Amino acid sequence: MARVLVTRRLPDGGIDPLVEAGHELVTNDEDQPFTHAQLCAAVTDVDAVVCLLTDRVDDAVFAAGGDRLKVVANVAVGYDNIDVGAATAAGVAVCNTPGVLDETTADLAFLLVLAASRLASTAEADLRSGRWHGWGINQYLGRDVHGATLGVIGYGRIGQAVARRATGFGMDVLHHTRHDTGVPGWTDDLDDLLARSDAVTLHVPLNDETRHLIDARRLALMKPTAVLVNTARGPVVDEDALAAALEADQIFAAGIDVYEREPEVHPRLLAAPRTVLLPHVGSASTQTRTRMAQLACEGVVAVLAGKRPPNLVYAG
Ligand code: DGY
């Protein structure tokens with residue numbers, strides 16, 4: 001039996017694989033993240049950690065974990081909160097939750113394509129605050145989604161799931177990856193995709209190459225009628241440049257679920273026109289969040305049993 005730290009309360013049933021394997025649990029029963037200092041203190045006498053994207057798992061955490069710590073499993077597909085280089089140096093395996101959140105996240109990305117294109121948040125905010133005084137033929141004129149071109153940046157499982165939805169809505173789909181996917185609509189020219197798309201949706205992981213991938217120069221390539229959707233990671237977009245582009249009517253609208261400095265939201269973005277802003281809820285359905293938690297725990301159980309789990313990012 002091993003000791004496993006679970007850094008935050010997980011959805012009901014999420015920790016079942018750990019319980020079934022008979023592991024001893026150290027839990028944070030608050031629905032609040034540990035501070036970094038609390039995390040370092042909590043990790044000192046455990047064999048494994050199940051953590052969330054709100055936990056910064058860096059060399060200090062691995063140092064505190066010492067030789068006993070064998071595996072860290074992130075309840076998220078993105079793992080930019082974990083310093084994989086430091087995990088490598090410490091010989092700690094890293095797991096994530098690929099595959100189980102693709103459709104749920106794609107639903108949310110498409111919701112943002114629709115909501116941003118049709119100015120849903122602006123119209124609802126007016127209605128709720130009493131600023132709507134009756135139907136008008138020129139009110140809240142959005143952009144049609146059907147018949148438009150969707151540019152998908154990053155064509156992994158989630159990008160492909162968004163593309164399937166777009167096809168169902170009568171959109172043409174372009175996608176950008178570095179390597180030819182062999183799928184019609186592929187381009188290696190990101191700038192060209194930006195110039196040709198009516199809606200652009202981001203599905204790349206955050207790393208040194210994708211930080212501020214969408215910056216002022218690339219926003220300027222987009223059509224003034226285009227919308228930008230980000231459900232990937234906040235720092236993929238330069239938020240200041242995005243706010244400026246919206247203020248200057250350089251692009252039509254934005255649908256954003258992730259932010260550069262969560263939970264802080266850039267004040268200029270909060271005030272920018274024609275934005276739909278959600279609080280990082282891409283995978284937030286009961287079924288998906290439960291399955292994500294279980295998959296992370298299954299990774300821990302496998303590593304502790306000396307097996308190689310399918311959701312291994314780094315083998316330790
Ligand atoms: C992930 O899994 O990376 C998401 O951002 C969490 O929903």
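Counting convention: from 1, in listed order, for ligands and their atoms alike. For the single chain, residues carry numbers from 1 onward in sequence order. Here the structure is a predicted model, which means the values were calculated and not measured.
Residues with a heavy atom under 4.0 Å from ligand 1: Leu53, Ala76, Val77, Gly78, Leu101, Arg233, His280, Ser283, Arg289, Met292.
With respect to Arg178 and Glu209, a salt bridge is recorded, a charged nitrogen being found less than 4.0 Å from a carboxylate O.
For the residue pair Asn230/Asp257, the side-chain donor-acceptor check at 3.5 Å is not satisfied. Between the side chains of Asp188 and His179, no donor N or O sits under 3.5 Å from an acceptor N or O.
Residue pairs meeting the side-chain hydrogen bond (donor to acceptor under 3.5 Å, both in side chains) criterion with at least one partner in residues 212-224, sequence neighbours excluded, are Asp191-Arg217, Asp191-Arg218, Asp198-Lys223, His212-Glu260.
Ring pair Tyr155/His175 is parallel by interplanar angle, where below 30° counts as parallel and above 60° as perpendicular.
Checking side-chain atoms of Asn28 against main-chain N and O of Gln32 turns up a donor-acceptor pair under 3.5 Å.
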